[in-house]
Amino acid sequence: MEKLEQFIKAILETRKVWLLEAKEGFFAMLEDSNGDSYVPVWESEESAKKAAQGDWEGYTVTDMGFSELQHWLKELAADEIDIAVAPEAEGEITAIPSYKFGKWLKPYDDHSYKEEDDEAGDDDDFDYGDGWAQPWS
């Protein structure tokens, strides 16, 4: 629980999370032995850089602000993909359901992120694709 509390405190200070991106719109993913999928997020650029090795070597470290993340979490929840908070190299994860993380972030969303379709009144979420699932022990 301490890890989650530290993560939340850190992201509240910066109002963003860090991810690993294989190519534009395709982010690192994890899959557990039950077939459940997760998008790993980190609280800092340094932590994400440390994770960019092994199967994720060559991935780009990128950040995502709360406003954009809020939009993306809706799509992840619909696809039944959850969040893995700063996964450990040993394979341990702290998981947060995407819809719960989205509800928690809602008060901090400054609505600064606008999708191209927002101007046209289209409410569809931006499609980041299926991601690149990586096996996770």
Report the C-alpha distance between K49 and E45 in whole Å, list the side-chain angles of each, state the deciding distance to 0.1 Å, and finish with yes or no for salt bridge (Lys or Arg N to Asp or Glu O under 4.0 Å). CA-CA 6 Å; K49 281 182 180 179; E45 182 177 18; 3.7 Å; yes
[X] vs [Y] side-chain heavy atoms within contact, under 4.5 Å:
| X | Y | value |
| --- | --- | --- |
| Y59 | L19 | no |
| V85 | I93 | no |
| T14 | D63 | no |
| D36 | D82 | no |
| F7 | T94 | no |

Spacing of [atom1] belonging to [X] relative to [atom2] belonging to [Y], to within rounding of 0.5 Å:
| X | Y | atom1 | atom2 | answer |
| --- | --- | --- | --- | --- |
| I83 | L105 | CD1 | CG | 9.0 Å |
| E21 | M64 | CD | CE | 7.5 Å |
| H71 | E68 | NE2 | CD | 8.5 Å |
| E80 | S98 | CD | OG | 10.0 Å |

Looking at every non-hydrogen atom in both residues, tell me the closest pair between I81 and M29 and how far apart they are. CD1-CE, 3.6 Å
Nearest heavy-atom contact between V41 and P87 is O-CD, 4.4 Å
Step by step, work out the side-chain contact (heavy atoms from CB on, under 4.5 Å) result for F101 and L76. CA-CA 11 Å; F101 196 42; L76 291 177; over 6 Å; no
Mutual orientation of the aromatic rings belonging to W104 and F66 [parallel < 30°, tilted 30-60°, perpendicular > 60°]: perpendicular
Using the six-membered ring wherever Trp is involved, compare the ring planes of W42 and W56 and label them parallel, tilted or perpendicular (cut-offs 30° and 60°). perpendicular
